[in-house]
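Here, residue 1 is the first one in the sequence, and each next residue gets the next number. Heavy-atom basis, side chains included; hydrogens, waters and symmetry copies ignored.
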Amino acid sequence: MGVKWKYDGYCCNGDSKSGDCQMISTRNVKITNQGYEISLGPGDHRLITRPHHFTMPQSEARRSKDEEYHLCLYPTEDTLRCFYAPDMSY
C-alpha cells in the first residue's frame, strides 16, 4: 500500500483520473488454471458501460507493483490492452 508507480506507456493513455487504466476490485477477478477471468460491469472501471468478460493467460499479465489488480482498456471498452496482477503465491 502507498506504493507509487506508473503504468507502462504502451498500456495507458491519459492520467489516473481520465485515462484508460484503473485499479479494479479483487471481486472482478477469478484465478483459474488457464490464468485470469475478469468480469466487469458499469461502475467497475470508468470506461465500462455494459457487462464484459475477459480472459487473460497468466503469462500475458503484467506484474502489479502495488499488489492490486489494474486493467487498461484501449482503444475501446471492448479491448483489454493490459492487465496487471499481483504475484501469485502457492
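- The structure places CD of Q58 at 9.5 Å from OG1 of T32, a figure rounded to the nearest 0.5 Å.
- Between the CG atom in L40 and the CG atom in L47 there is a gap of 10.5 Å [rounded to 0.5 Å].
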**OP:** Check the pair C72 / C21 against disulfide (SG to SG under 2.5 Å), numbers first and verdict last.
**Re:** CA-CA 4 Å; C72 304; C21 292; 2.0 Å; yes

Subject >> Worked verdict on D8 versus R62 for salt bridge (charged side-chain N to carboxylate O under 4.0 Å, His left out) >> reply: CA-CA 9 Å; D8 297 312; R62 295 170 184 254; 2.7 Å; yes

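- Taking CG of L71 as the start and OG of S25 as the end, the distance is 12.5 Å to the nearest 0.5 Å.
- Residues F83 and Y69 place their aromatic rings such that the two centres sit under 6.0 Å apart.
- Between I48 and R50, the shortest heavy-atom distance links the atoms CG2-O, 3.2 Å.
- Of the possible polar contacts, one joining the N28 side chain to the S39 backbone as a donor-acceptor pair under 3.5 Å is found.
- With rounding to the nearest 0.5 angstrom, the SG atom of C82 is 7.5 Å from the CE atom of M56.
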Subject >> Full working for side chain to side chain contact (heavy atoms under 4.5 Å, CB included) between Y36 and T55 >> reply: CA-CA 6 Å; Y36 302 94; T55 57; over 6 Å; no

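- A pairwise comparison of heavy atoms in D44 and R27 identifies OD1-NH2, 3.0 Å as the closest pair.
- A distance of 8.5 Å separates NE2 of H53 from CD1 of I38, quoted to the nearest 0.5 Å.
- Evaluation of the side-chain hydrogen bond (donor to acceptor under 3.5 Å, both in side chains) rule for H52 yields E77 as partners, not counting sequence neighbours.
- Ring geometry, Y7 versus H70: the interplanar angle exceeds 60°, so the pair is classed perpendicular (tilted spans 30 to 60°).
- L73 approaches F54 most closely through the heavy-atom pair CD2-CZ, 3.9 Å.
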**OP:** With side chain to side chain contact (heavy atoms under 4.5 Å, CB included) as the test, would you mind laying out the steps for E68 and Y84 before giving the verdict?
**Re:** CA-CA 8 Å; E68 301 288 347; Y84 292 84; over 6 Å; no

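- Remark: S59 OG to Q34 CD distance equals 12.0 Å, nearest 0.5 Å.
- Nearest heavy atoms, P86 versus S64: N-CB, 3.8 Å.
- The nearest pair of heavy atoms linking D87 to E67 is N-OE1, 4.1 Å.
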